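Below: the structure, in structure tokens.
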Protein chains: 2
Amino acid sequence: MKIELYDTTLRDGAQTEGISYSVNDKIRIAKALDDLGINYIEGGWPGANPKDSEFFKKMKRIKLKNSELCAFGATRHPKKKVYLDPNIRGILDSGTKIVTIFGKSWDLHVREVLKVSLEENLKLISESISYLRSKGRDVIFDAEHFFDGYKENPNYALKTLLVAQDSGAKTIVLCDTNGGTLTKDISKIIFEIKPKIEVQLGIHTHNDLDLAVANTLAAVGAGCTHIQGTFNGYGERCGNADLCTLTGILKLKMGIDCISMDKLKKLTEISYLISEISNMKHSDNQPFVGRSAFAHKGGVHIDAMIKNPKTYEHIEPQLVGNQRRFLISELAGRSPIVITAKELKLEIDKKSKKAKKIFKLLQDLEHQGYSFEVADASFKLILQKELKKFKKFFELEGFRVIVEKRKDERVFAEATIRLKVKGKEQYTAAEGAGPVNALDNALRKALIQFYPQLTKMHLSDFKVRVLDEKAGTAAKVRVLIQSQDEKESWGTVGVSENIIEASWQALIDSIEYKLLKDKINA
Amino acid sequence: MKIELYDTTLRDGAQTEGISYSVNDKIRIAKALDDLGINYIEGGWPGANPKDSEFFKKMKRIKLKNSELCAFGATRHPKKKVYLDPNIRGILDSGTKIVTIFGKSWDLHVREVLKVSLEENLKLISESISYLRSKGRDVIFDAEHFFDGYKENPNYALKTLLVAQDSGAKTIVLCDTNGGTLTKDISKIIFEIKPKIEVQLGIHTHNDLDLAVANTLAAVGAGCTHIQGTFNGYGERCGNADLCTLTGILKLKMGIDCISMDKLKKLTEISYLISEISNMKHSDNQPFVGRSAFAHKGGVHIDAMIKNPKTYEHIEPQLVGNQRRFLISELAGRSPIVITAKELKLEIDKKSKKAKKIFKLLQDLEHQGYSFEVADASFKLILQKELKKFKKFFELEGFRVIVEKRKDERVFAEATIRLKVKGKEQYTAAEGAGPVNALDNALRKALIQFYPQLTKMHLSDFKVRVLDEKAGTAAKVRVLIQSQDEKESWGTVGVSENIIEASWQALIDSIEYKLLKDKINA
């Protein structure tokens, strides 16, 4: 069986709260999806969004290797001639061979939203598709709210599909637009209509019940061979079916031909890239590609994993370009020390005095409130330092931070920093949005001429946890910083009763780790 | 049909990367789950974790209204007598009537991890259950890796269940521990074994394929009446089945009796509370309870929604205590203003200009990142100020905080503060464990002679949340402070890109509220 993958990140995904793509963002995402070998890329709705028209214009000069670009739109407006409807013209102007249009399948929508007769809606569907066909386009028809419509008026919902088929649609996509349909109903309904449809059937689901992926698979089981989704599951409300997860399942769990094993290895990287471009934090717990997807914490699990990875992993993480991680914690024992040392090209015997000493140090630090589960980079620095392999990149002489507020004025933060780099004394000052930001700015100012690669890294996550909340303002705090450059992301930690000191520790670790790994990989 | 809800947030959820509960955190979560009416709360694994033993000890003095607390553990160690096994003793010491133990159902695990014969593993199961039964406990048996085991050796996997049943387990829970099983296989396997099992069947799924919820529902369809999950889907790797989503689906989509409609309205609030305690960002796109779950962005959608909410919403958000949001033009209720004013012995008409103005202010503040759900005192101060009922207790002239670190020295924090109280100028300085603590100390020094009742109040909770984590050290932070005196506790909030300013706002609100309420009650 062959399944077509249809991505709508650039259209439905762009409806996510907080996402707003520039034309360039869209081009970068389209290229990434092409690279992965997704069959269809829905680029946008040119009739509804001028930015999308510009995107299609620019895409005319870009050759895709694997994917087919599609323009999206609606059936014609009830009060417009099809050849004058700006939405239909927008689709045609986009110049794609394949176009996708949506029409109403739920009588409630026809009556209350379109406010036309049920008969009239069928005409909108048939005229729009026939017209696009007459212009040489292949048409995919998205039957909006098909399942909700079928539940209330099965005859009418089915009729909309038949009209689309008769008008020449090559694929009919059944949409669970509101995301409220249970998996068993998806199966049941598709089994009922399948014998009546001759063209290809597709599925488009939303995640309002956390069932988008399951519903897509159920549809595949019932005979749909075209599936629509978005990367990382972006989309309005609770999002769409995650095409990234679906690709992993179809290929690895069901043995369905969709993308090659070679391309599958890019899955994690492309998922990260799209989250970067979308300016959304990548979900740690995302199936297949998340940072935690193959991370093991409990001691029982880690011991078993070392005996045989199959014991607590459903696939090998390398297949999707992800990696196994053992979370460093007191509960995990000494094995992670050995494994991490190996990653750093260092050797240490699990039963050696050194390993015991490091483990003891780790326990002490955890007792003080440090946590290395997420702060893998801080842990690696400790290993380097304990194994006497670490050379300082700079030496701190001191810093001072001042925060001041005068009557009815905004507060003001300034940091000065004094350090030595490669024998040279640096003394810098900077302002910032707050005390930590001011320190960060002053530190970068001091280092950047010596280590220009620091321009390539940025902090992607900054978390503060108050450890002993009952101590009020004198409580210890733990600061976790996540940083990334163009290749990977890493975490660092700092702990102190003084939030500035804690942030400082995590900040320094983050920069030192960047410099260290560049040196190791050089 | 009646379905039992079994929550394992405190045990499996605690395996999430980044989550680490204190005993007090666990107690607060247990109380929240009890409040919601979850049938069973798995409190932890006393044999593996000393913190969990302490939790059970403390819980002996706390009466739950709706839930049954359960202790968790493993079948006995292959080399220990059951009555000497510390893990089994830990379970018994916890004092719960109901206990849950897991045992191996996958022959691979028996051979490679336990390293005992298949026969021996059956003995571990039967002895452990029989012993716990002999001590008067009701036993739930978690068949770890049941589905993976069944796929490879169905006879043996089934045998482990039968042994558990014969030894007196009241419920047998089928676990998809690695989360790699497809929905159709879950159904197929349960249908095959169901006729052979006489006791209650349960289901426990993980989300490695984004199918945890779907697989749980499929299991219910195949006859399981006990479902295990975690709140917000916390758990190792990609997490467990989200009990929050499942509760919504069972009750609203399947009409299954699990919790009352009244309690269902608390779903959103409790999901937030648990995410706060876990110090995890609440997922905007979480089904039913997420901030975006009923948020509408597209113009087409909003137009239709105004005509009829059913057009783009699968349920009414109020049913789960959530609310509809229009991302372009926000519409919400003014009732909370009227209700809170009444508590302060103030009057305001819901339809008045004043109420509209305050509502607008609140929206602006929420947009900036303030949140008044926990910060009731800050909200009351706003009402007082807007209704011109507030008299200042002191006036700030300014403050300065200095944090300094010299080479290899501990950091040092000092604050000076200048303010006017009852016409008198006060100028004080104090050190502190960190900048906020120094400010807190200097402020109290300045005020205490005028308001001696401040010695009676203290801060009981101090939380920092980074709002826009991607902005790194320049991100906005929200500080929540909880304070209490001998009579009550109250919450205050501050937001700024500068953590010291944010803390200052929350600190000042806390003190002002204390003085205000003493005045009102005097």
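This one's a predicted model, so the numbers in the text were calculated from it and none came from an experiment. Note on naming: letters A, B, ... go to the chains in the order of the sequence lines (proteins, then strands), and numbering restarts at 1 for each one.
- Ranking B:V436, B:V411, B:L396 against chain A, the residue ahead of the rest is B:V411, based on heavy-atom pairs under 4.5 Å.
- For B:Y312 and A:H109, the ring centers are positioned less than 6.0 Å apart.
- When heavy atoms are compared at a cutoff of 4.5 Å, B:E144 approaches chain A solely by way of its side chain, counted from C-beta outward.
- A heavy-atom distance below 4.5 Å is found between the side chains of B:W106 and A:K310.
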Could you give me the CA-CA distance, side-chain angles and deciding distance for A:I402 and B:V401, then say whether side chain to side chain contact (heavy atoms under 4.5 Å, CB included) is met?
CA-CA 6 Å; A:I402 297 179; B:V401 184; over 6 Å; no
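- Residue contact with chain A, scored on non-hydrogen atoms closer than 4.5 Å, involves the backbone of B:T16 exclusively.
- If you measure heavy-atom distances from A:H206 to chain B, you find no contacts under 4.5 Å at all.
- Contact count against chain A (heavy-atom pairs under 4.5 Å) is highest for B:E17 among B:E17, B:E395, B:H314.
- Neither the backbone nor the side chain of B:K476 comes within less than 4.5 Å of any heavy atom of chain A.
- Using a 4.0 Å cut-off between charged nitrogen and carboxylate oxygen, A:K307 and B:E112 do not count as a salt-bridge pair.
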Please lay out, stage by stage, how A:D210 and B:D210 fare under the test side chain to side chain contact (heavy atoms under 4.5 Å, CB included).
CA-CA 8 Å; A:D210 201 6; B:D210 200 6; 3.5 Å; yes
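- Looking at A:R418, there are no atoms closer than 4.5 Å to chain B (heavy atoms on both sides), in backbone or side chain.
- For the set B:T183, B:L209, B:L211, the count of heavy-atom pairs under 4.5 angstrom toward chain A peaks at B:L209.
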With side chain to side chain contact (heavy atoms under 4.5 Å, CB included) as the test, would you mind laying out the steps for A:N498 and B:V403 before giving the verdict?
CA-CA 9 Å; A:N498 187 319; B:V403 180; 3.7 Å; yes
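- Neither the backbone nor the side chain of A:A218 comes within less than 4.5 Å of any heavy atom of chain B.
- If you measure heavy-atom distances from A:K420 to chain B, you find no contacts under 4.5 Å at all.
- Chain A forms the most heavy-atom pairs under 4.5 Å with one residue out of B:K253, B:K184, B:Q286, and that residue is B:K253.
- A salt bridge does not link A:E313 with B:R237: every distance from a Lys NZ or Arg NE/NH1/NH2 to an Asp or Glu carboxylate oxygen is 4.0 Å or more.
- Counting heavy-atom pairs closer than 4.5 Å to chain A, the top-ranked of the candidates B:G432, B:G398, B:A293 is B:A293.
- Interface summary for chain B: among A:A214, A:C238, A:G239, A:A413, the most heavy-atom pairs under 4.5 angstrom belong to A:C238.
- Across all their heavy atoms, B:P435 and A:I499 have their closest contact at CG-CG2, 4.1 Å.
- Residue contact with chain A, scored on non-hydrogen atoms closer than 4.5 Å, involves the backbone and the side chain of B:T311 alike.
- Heavy-atom contacts from other residues, nucleotides or ligands closer than 6.0 Å to CZ of B:R400 number 12 or fewer.
- Here the side chains of A:N437 and B:E497 are not in contact, with every heavy-atom distance at 4.5 Å or above.
- Comment: A:E397 does not engage B:K405 in a salt bridge, judged by the lack of any side-chain N to carboxylate O separation of less than 4.0 angstrom.
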CA sep, side-chain torsions, deciding dist, call: A:N207, B:N285, side chain to side chain contact (heavy atoms under 4.5 Å, CB included)
CA-CA 9 Å; A:N207 208 31; B:N285 60 359; over 6 Å; no
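- Note on A:S187, A:A438, A:G180, A:S283: by heavy-atom pairs under 4.5 Å with chain B, the leading option is A:G180.
- Between chain A and the options B:T245, B:I249, B:L419, B:L507, heavy-atom pairs under 4.5 Å are most frequent for B:I249.
- Ranked by heavy-atom pairs under 4.5 Å with chain B, the first of A:A212, A:A415, A:S292, A:S483 is A:S292.
- For the set A:R406, A:H145, A:Q482, the entry with the most heavy-atom pairs within less than 4.5 Å of chain B is A:H145.
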